[in-house]
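Report on the structure given below.
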Amino acid sequence: MKQPIEMYINGEARSVTVDPYRSLLDTLRGEVGLTGTKKGCDVGDCGACTVIVDGRPLNACLMLAVEAGGCRVETVEGLQASPDQLHVLQDAFMRHGAAQCGFCTPGILMMAKSLLENNANPSDDEIRFGLSGNICRCTGYTKIFDAIRSAARQLQETPA
Amino acid sequence: MNKPHVPVEARRAFTIVGQSVRRNDVLEKVTGEGLYTADINRPGLLFGKIKRSNVAHAKISRIDTSKALALLGVKAVLTHEDVPRFLHYGSPHPRSASCTRDQYILDDKVRFWGEGIAAVAATSEEIADEALDLIEVDYEELPGVFDIDSAQAPGAPLIHEVGPGSNLVLPPVRVERGDVENGFAEADFVLEGVFEGGRPVPAYMEPNVCMADWDGSNKLTFWTSTQTAFMVRGSLAEVLGLPLNKVRVLVDHMGGGFGAKQDLFQHEYLCALLARQTRRPVRMEFTRAETFIAGRSRHPCRILLKQGFRKDGTICARDMKIIYESGAYGSHSPGVTTVGTNAATSLYRCENVRLEGCAVYTNTPIAGAFRGYGVVQAYYALDIQMDEAAERLGMDPAELKLKNAVREGDIAPSGHPIVGRGLEACLKHGITAFDWIAKRTETPRNDPAQPAIRRGWGVGCEMHGSSAYPGIREQGNATVKMNEDGSVTLLTGAAGLGTGAHTALAQIVAEELGVTFESVSVVHGDTDVVPWDIGAFASHTTYLVGSAAKIAAGKLRAAVLARAAEKLQTPTEALDMVAGRIFIADAPDRGLTVADAMGPSKGIPADHLIETGSYTPTKSYSFAAHFVEVAVDIETGLVDVRHVMPVHDVGRVIHPIAAAGQIEGGIQQGIGHTLTEDYLIDRTNGRSLNAGLVDYKMPLSMDMPKIETVILEAAPDPGGPWGAKGVGEDPIIAIGPAIANAIHDAIGARFHHYPITPEDILCALAAQKKE
Amino acid sequence: MRRFEYHEPASLAEASELLLCLGEGAFVFAGGTDLLVEIRERLRRVHHIVNIKRIPGLDELMISAEGGIWFGALVTAGRIERSSEIARLYPNLHDAVRNLGSIQVRNRATVVGNICRASPSADTIPPLVADSAEIEIFGPGGTRRTALAEFFTGPGRTTLSRGEIATGIRVPPPAEGSGRVYLKHGRRKAMELATVGVAVSLNRSRGTCSDISIALGAVGPTVLRAPKAEAMLRGAVLSPEMISAAANQAMAECTPISNVRSSADYRRAMVGVLTRRAVTRALEATA
């Protein structure tokens with residue numbers, strides 16, 4: 001039976017009615033209409049669907065939408081403060097060539113946001129460890145590491 | 001050939017080419033607004049799924065869909081009894097020598113475990129999924145062949161009725177130059193080896209997906225994640241019996257392809273047919289497991305390589321036989337076999353060459369096009385054997401490779417002369433920058449801090465062509481429009497796999513035209529709108545479509561200057577245009593903006609100019625040498641690639657960061673191929689064993705080495721814009737032998753296969769102990 | 001995905017009753033990181049999901065040097081990973097959770113869930129078995145406790161009967177002068193299922209190894225102890241030669257199989273290497 005839930009997605013209250021077997025990922029992409037979060041494997045192996053729920057990054061494919069009732073959900077669409085103001089990470093990803101096909105990018109951006117929130121000045125090893133659940137098949141990760149290092153520096157100089 | 005005589009040196013200093021401008025497609029990628037095929041919705045959308053066989057080789061004796069059709073929410077079910085029986089190519093170049101006509105949309109015969117045998121459309125994914133279980137199938141099983149040997153054994157069951165027989169996909173490809181027998185007779189020693197390659201898969205992040213919708217005029221609109229939109233259009237039209245203008249293929253962003261997304265994967269035809277039958281839009285999206293089972297892999301292979309050497313390191317004869325395993329269908333096997341076999345004529349110079357290449361059907365998943373297209377396999381063998389020769393000669397392997405490196409004037413695999421000395425430049429640069437000699441000769445293999453670790457250093461080389469010439473006579477096209485406000489629109493059919501191709505094309509247009517990069521926008525991905533394109537593959541987009549764009553932009557520049565000349569009342573020849581400003585070359589203060597030139601002025605209405613460019617190239621070759629450090633744990637057999645210095649010659653670099661990104665991503669895939677990635681098939685029954693991202697092991701963030709990318713502009717090719725050549729495929733080729741050679745340097749064991757597993761390392765070490 | 005019914009009981013008694021009534025197709029759902037995958041990959045026919053997340057009291061995590069650890073069924077691997085006390089007192093458990101899946105998975109996956117899945121390669125089981133942890137189980141007959149080492153009956157099988165729910169894990173306090181290590185072997189540095197996992201917990205008093213337990217993952221139908229190898233080291237002053245001999249003994253005590261991840265022979269060889277390394281490091285940790 002479908003159940004009504006209310007989530008706070010990128011700061012906005014959203015009411016949807018969902019089947020109990022629907023994942024948060026399918027619900028975000030389908031009922032909610034936020035398709036920035038990607039489905040790369042649907043079994044928690046690739047990290048493309050990484051969103052932040054109540055402050056913690058997780059795989060949206062491995063959470064049921066019914067469980068997200070009352071939760072704060074952050075997706076890539078909520079990263080920018082306004083249409084003209086990108087998040088420091090988004091800007092760094094563009095400058096450093098960290099996005100190639102871009103399919104893993106939303107998940108990696110959310111993971112990087114969480115990483116920098118918990119550790120403002122991560123070492124190279126900490127960046128690598130922080131991204132170990134996000135598969136990128138295009139870049140060899142080097143440009144992603146560059147972008148995150150650069151964003152961390154920039155955030156430290158001018159906190160968001 | 002149709003090579004324009006573009007002087008390699010620029011007519012002026014570059015302002016945009018060579019700059020890492022912000023990619024014109026990347027803002028959408030970082031905001032989540034970029035639309036990938038699965039992101040597009042339509043009212044009334046149905047969800048399609050494919051029922052897959054659980055046997056590898058069989059006749060379908062009965063298939064009953066009644067229970068599936070009875071499930072609430074199921075709108076249509078298709079089996080081989082319901083679809084047109086049309087023998088098609090499955091691959092996108094039906095007029096070329098690259099592919100094979102051996103597939104049906106659905107057949108009453110199954111040729112590999114996991115082949116599609118029926119399709120369902122339903123109102124939800126869950127219902128479609130449940131319906132698959134309700135389709136009842138009886139099989140009459142046939143004996144299967146699951147490797148090269150059993151497929152080639154006398155009396156082996158035949159997988160196809162078409163083709164040359166004996167489970168061959170195509171007649172053997174034979175290449176002969178010089179006198180091989182005489183060459184071997186002159187040799188001081190001969191090296192001979194058998195090399196084997198596993199089954200890596202591209203594992204692009206975006207699973208295959210398409211959506212079909214028919215309108216009231218019986219026109220099909222088809223969204224799909226493809227590198228070859230026009231080829232999809234052509235194949236759908238051919239199979240469905242439609243004129244080309246009744247099929248519109250759309251692709252905006254796509255999540256990687258690495259070559260494999262040139263094929264059609266069976267679901268495209270089924271999706272279109274389900275949509276036609278239900279009169280509703282249908283989307284079909286592969287699961288991750290389906291991207292393995294029903295996707296395309298690199299061809300597993302076996303190579304017999306024999307070379308004769310003189311004491312001075314000259315190669316006097318080369319004899320190679322390469323057998324590619326095609327899997328259940330031909331797909332790109334003809335192209336892969338031809339390109340891979342011919343590749344062995346070159347890289348390291350040899351006048352006496354005899355090569356034979358075959359591709360063999362087996363009852364396993366389909367091998368197709370994948371970055372490195374047959375060449376990865378051939379050069380893995382060739383480069384490792386060069387290392388062995390160096391060892392035998394007591395020479396440094398980099399020195400031996402340098403001595404034999406292909407160079408200016410040598411005949412390339414494509415049959416025309418090599419331009420420049422790119423490979424030598426890469427090797428020379430790397431030897432110095434990597435501090436190669438000191439590392440190899442002065443650094444202890446043991447690491448006192450880590451007693452189980454042995455360090456080693458290796459080098460591997462490659463060359464790869466931009467464009468599929470001579471296999472396919474390609475044509476690149478571009479339309480460039482100057483709008484009346486001075487903004488520019490480039491229309492291109494080239495796909496945006498994620499490489500930054502559209503950015504490079506816009507840079508080329510802006511540079512040639514003399515406007516800013518920001519003033520050029522790109523329209524792509526709609527076969528009803530953009531000029532025809534053969535597809536994004538063969539490392540050719542910048543080379544081929546870039547040249548076409550440059551031609552169109554050059555014509556447009558002339559037209560714009562002619563208009564400005566009228567307004568400025570000066571001869572056109574007196575004018576120059578830089579960064580969107582037109583001025584008299586001898587009096588730079590006198591001029592006007594492009595917008596003013598295009599806009600209205602008294603007596604002259606605003607104008608809009610359109611020019612097109614078409615280009616038919618031959619081929620250029622790019623080169624690379626990869627220098628690698630590995631650390632081998634001699635107790636566990638684990639190999640850690642610690643440091644890679646890829647040195648690439650790309651002729652003229654258009655966008656340095658994008659080019660480096662290609663190289664670094666290729667290294668990631670190549671490390672995987674060489675050490676951890678292998679899509680395993682049970683050789684007794686054809687079942688997939690690791691169709692998922694946990695057991696198919698790609699290197700991830702913690703596994704990647706330090707990479708110091710070097711891009712040289714050593715050997716510009718006159719066939720590409722300002723000498724630019726391709727870079728997409730090159731990096732995946734050189735890294736493999738470099739790693740294998742470095743492992744040998746670390747532990748003294750030679751490996752002639754990939755992936756080299758920890759267990760292989762321990763076995764080799766144990767064998768050394770015995771000796 | 002397949003369709004299923006969803007239940008959110010408010011108490012253990014209600015959850016237990018639901019599981020009894022709904023029968024074979026009903027499964028306890030906590031983190032869901034295994035169950036949802038099994039549903040999608042058609043490995044398990046699930047008609048009902050009984051989500052225990054609303055049941056109060058199951059999310060407790062208590063840790064102290066005197067009392068050891070208690071954590072409830074809803075405590076995620078991520079919470080264990082982030083506990084600096086656990087990292088200090090139980091580095092073996094810390095390393096095991098740190099190597100389980102990804103950060104994202106660990107923010108959902110529960111350790112009790114990882115245990116109840118009863119995979120021979122589960123990372124959290126070897127260190128907990130080596131540390132003599134107990135599992136607490138609620139059921140129709142009341143609450144029972146059992147040694148974790150006795151909880152498993154085979155791959156994917158435990159002593160849980162229908163209507164029973166594992167509610168938490170208790171780990172005894174670490175002894176003075178003890179060292180504990182978990183080593184995992186995989187092809188990659190993250191996102192791996194263990195090819196082999198070895199946990200060693202040992203106590204040292206007056207220069208001898210007064211007690212030791214060695215637990216081996218992924219080399220038998222359940223996580224195994226290596227009692228003969230332990231016996232060789234217990235009560236002895238440990239030398240590298242002795243440790244090597246015990247590691248060889250551990251190789252003889254395991255019963256690995258060959259599968260897509262590794263051959264049995266390689267797994268056995270890695271038991272030797274990892275046991276030697278783990279005992280050596282555990283000994284160093286006592287210093």
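Taking a cutoff of 4.0 Å between a charged side-chain nitrogen and a carboxylate oxygen, A/Glu67 and C/Arg54 do not qualify as a salt bridge.
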- Query: Is there a side chain to side chain contact (heavy atoms under 4.5 Å, CB included) between C/Arg108 and A/Asn59 once you walk through the steps?
  - Reply: CA-CA 8 Å; C/Arg108 293 286 295 164; A/Asn59 301 117; over 6 Å; no
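Distance check: A/Ser23 OG to C/Leu36 CG gives 8.5 Å after rounding to the nearest 0.5 Å. One finds the OG atom of C/Ser102 at 11.0 Å from the CG atom of A/Leu131 (value rounded to the nearest 0.5 Å). Taken from OG1 in C/Thr76 to CZ in A/Arg56, the straight-line distance is 7.5 Å, to the nearest 0.5 Å.
For chain A, the option among C/Arg2, C/Met191, C/Arg3 with the highest count of heavy-atom pairs below 4.5 Å is C/Arg3. Taking chain C as the reference chain and counting heavy-atom pairs below 4.5 Å, the highest number among A/Ser114, A/Cys61, A/Ser132, A/Pro57 is found for A/Pro57. Chain C forms more heavy-atom pairs under 4.5 Å with one residue of A/Arg22, A/Met111, A/Gln3 than with any other, namely A/Met111.
When side chains are defined from C-beta on, C/Gln104 counts as touching A/Asn134, because their heavy atoms get closer than 4.5 Å.
Minimum interatomic distance between A/Leu62 and C/Arg40 (heavy atoms only, all atoms of both residues): CD2-NH1, 4.2 Å. The minimum heavy-atom distance linking A/Phe129 with C/Ile103 is given by the pair O-CD1, 3.9 Å. Here the shortest heavy-atom pairing between A/Val66 and C/Tyr6 reads CG2-CZ, 3.5 Å.
For A/Tyr21, the side-chain hydrogen bond (donor to acceptor under 3.5 Å, both in side chains) partners two or more places apart in sequence, or in a different chain, are A/Asp19.
Counting non-hydrogen atoms of other residues, nucleotides and ligands closer than 6.0 Å to CD of C/Glu17 gives a total of 12 or fewer.
Contacts of C/Lys53 with chain A are made by side-chain atoms alone, with heavy-atom separations under 4.5 Å and no backbone atom involved.
Within the 3.5 Å criterion, the main-chain N or O of A/Leu58 finds no donor-acceptor partner in the side chain of C/Asn107.
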